[in-house]
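Structure first, then comments.
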Amino acid sequence: MRLGLALGYWGRGPSADHVPLAQEAERLGYDSVWTAESWGSDVFTPLTWIAAQTSRIKLGTAIAQMAARSPTTTAMHALTLDHLSGGRVMLGLGLSGPQVVEGWYGRPFPKSPLTATREYVDVVRQVLRREAPVELDGRFHSHPYRGEDGTGIGKALKSITHPLRAELPVLLGAEGPKNIAQTTRIADGWLPLYWSPFRTDVYEASLDAAPEGFLVAPMARAKVCDDVSEGLLPVKAMLGFYIGGMGHAARNFHADLMARMGFEEEARRIQELFLAGRREEAVLAVPDAFADEISLVGPRERIAERLELWRKGPVTDLLVLSPDRLTLRTLAELNS
């Protein structure tokens with residue numbers, strides 16, 4: 001199991017520590033570093049900044065939101081950075097949810113998410129393989145565009161720039177069982193939002209047809225500390241926000257996933273509190289048991305025991321979300 005450093009997206013502004021953390025992770029032997037985006041900082045610019053100040057570590061997007069860019073634009077970003085970094089890019093993609101897609105990007109959330117994802121990946125693959133001009137008679141991503149409001153004179157084009165790698169790895173952030181199963185067919189890997197080594201059966205059927213070499217790269221917050229309860233507070237704060245606030249009361253993929261993992265009553269209660277404006281109560285309502293299962297928190301010996309459980313399952317890459325150098329070093333030592 002390889003280790004990656006997950007930096008996430010910016011909050012109020014850029015973190016001065018992201019580049020030094022990436023450099024430290026590279027020194028410690030981490031395989032990859034990952035950036036993210038929500039509705040603020042973008043995913044590619046910070047990764048490019050990191051690429052310029054590192055030399056070996058792989059560079060991943062976890063995730064680049066599909067609604068933010070057309071698939072050809074995303075492919076242009078990926079192939080450009082892949083050239084500049086010497087072939088280090090791993091392209092993680094995700095749909096996001098209706099509130100973000102329609103509220104931030106001002107476009108409709110696709111009525112058939114699986115079809116939209118499949119078409120998006122198809123176009124990205126065509127650009128990167130550069131075998132012919134990009135053509136797709138699609139429902140969501142037709143190339144050339146064939147809509148009634150178009151001119152009808154669009155021309156199928158092939159990238160001027162020759163991609164460095166035709167098979168640049170593409171990973172998908174997927175949560176629903178059908179979406180995960182499709183991911184094993186059309187992508188090189190999967191970026192789970194929550195992963196519990198105690199509940200791998202939740203994903204077993206969806207991953208059943210995964211080919212050899214398929215990447216499973218969940219993100220986990222980690223913290224070496226004496227007080228487990230205190231160490232779990234940032235995990236619970238994140239869960240409270242995602243489960244309570246990252247989606248509509250009637251359509252929240254994160255809450256649905258928590259429910260499928262055995263915490264349905266708790267997930268609905270977190271939603272109820274968060275949407276009522278009782279955010280602190282929503283965070284406190286997150287069960288310690290769930291927060292603990294999907295993270296690595298506690299003394300070194302406890303983390304060592306938990307890490308063994310992560311290694312026993314299908315996880316190929318553990319993306320560590322931690323700004324703490326002691327934690328990063330400890331995980332590198334335990335995983336060596």
Backbone of G313 reached by a side-chain donor or acceptor of T200 within 3.5 Å: no
Close side-chain approach of E131 to Q126, heavy-atom, < 4.5 Å: no
E204 atom CD: more than 12 heavy-atom contacts under 6.0 Å: no
Any side-chain heavy-atom pair of V33 and L7 under 4.5 Å: yes
Heavy-atom side-chain contact between P110 and T115 under 4.5 Å: no
Heavy-atom side-chain proximity of L307 to L318 below 4.5 angstrom: yes
Shared hydrophobic cluster for V121 and L114 (ILVMFWY, side-chain gaps under 4.5 Å): no
Salt bridge (Lys or Arg N to Asp or Glu O under 4.0 Å) involving R125 - partner list, sequence neighbours excluded: D188
Interatomic distance, F140 atom CZ to K111 atom NZ [nearest 0.5 angstrom]: 8.0 Å
Selection residues 80-107 - residue pairs positive for salt bridge (charged side-chain N to carboxylate O under 4.0 Å, His left out), sequence neighbours left out: D82-R165
Exercise: do T161 and S159 side chains pair donor with acceptor under 3.5 Å: no
V216-L193 co-clustered via ILVMFWY side chain contacts under 4.5 Å: yes
Any donor-acceptor N or O pair under 3.5 Å, side chains R268, Q271: yes
Nearest atoms (heavy-atom pairs only) where I270 meets G244: CG2-N, 4.1 Å
N/O donor-acceptor pair under 3.5 Å between T316 side chain and M1 backbone: no
Residue list, salt bridge (Lys or Arg N to Asp or Glu O under 4.0 Å) with E167, at least two apart or on another chain: R129
Shared hydrophobic cluster, L331 / L326 (ILVMFWY, side-chain heavy atoms < 4.5 Å): yes
Y145 versus T151, side-chain donor and acceptor atoms under 3.5 Å: no
Whether Y30 side chain and L328 backbone form a donor-acceptor pair below 3.5 Å: yes
Test side chain to side chain contact (heavy atoms under 4.5 Å, CB included) applied to V297 and I303, L232, D288, the passing residue: L232
Side-chain touch P169/L91, heavy atoms, less than 4.5 angstrom: no
Test item: T117 and M66 side chains (from C-beta on) under 4.5 Å apart, heavy atoms: yes
W310 atom CH2: more than 12 heavy-atom contacts under 6.0 Å: yes
Pairs flagged by salt bridge (charged side-chain N to carboxylate O under 4.0 Å, His left out) wherever residues 47-71 is involved - sequence neighbours left out: D31-K58, E37-R69
Verify same cluster id: M238, F274 (apolar side-chain graph, 4.5 Å): yes
Side chain K236, main chain V286, donor-acceptor under 3.5 Å: yes
Salt bridge (Lys or Arg N to Asp or Glu O under 4.0 Å) partners of E175, counting only residues at least two apart: none
Remaining members of the apolar cluster that contains W34, side-chain heavy atoms under 4.5 Å: I63, M90, L171, L191, L215, M219, L319, L321
Side-chain heavy-atom pair T74, V123 within 4.5 angstrom cut-off: no
Can I get a per-line list of side-chain donor-acceptor pairs under 3.5 Å for residues 41-50, giving both atom names and the distance, sequence neighbours left out?
unit_1	atom_1	unit_2	atom_2	d
S41	OG	W10	N	3.0
D42	OD1	T45	OG1	2.7
D42	OD2	F44	N	2.8
D42	OD2	T45	N	2.9
D42	OD2	T45	OG1	3.2
T48	OG1	F44	O	2.9

Partners meeting salt bridge (Lys or Arg N to Asp or Glu O under 4.0 Å) with R199 (sequence neighbours left out): E293
Same apolar cluster: L84 and I57, side chain cutoff 4.5 Å: no
Qualifying side chain to side chain donor-acceptor pair (under 3.5 Å) pairs with a residue from residues 326-336, counting only residues at least two apart or across chains: R300-E333, R311-N335, D324-T327
Derivation and outcome, salt bridge (charged side-chain N to carboxylate O under 4.0 Å, His left out), residues E272 and R269: CA-CA 5 Å; E272 178 184 317; R269 178 59 176 162; 2.6 Å; yes
Side-chain touch R260/P177, heavy atoms, less than 4.5 angstrom: yes
Working for ring pair (Phe, Tyr, Trp, His ring centres under 6.0 Å), residues W39 and Y9: CA-CA 9 Å; W39 50 91; Y9 45 77; 7.4 Å; no
With sequence neighbours excluded, residues passing ring pair (Phe, Tyr, Trp, His ring centres under 6.0 Å) with F263: F290
Minimal non-hydrogen separation, S206 against T184, with atom names: O-CG2, 3.8 Å
N/O donor-acceptor pair under 3.5 Å between H143 side chain and K155 backbone: no
Other ILVMFWY residues reachable from L164 by side-chain steps of under 4.5 Å: none
Backbone N/O of L273 and side chain of E281: donor-acceptor pair under 3.5 Å: no
Shared-cluster residues of F198, by chain and number - hydrophobic side chains joined below 4.5 Å: L309
Backbone N/O of T54 and side chain of Q23: donor-acceptor pair under 3.5 Å: no
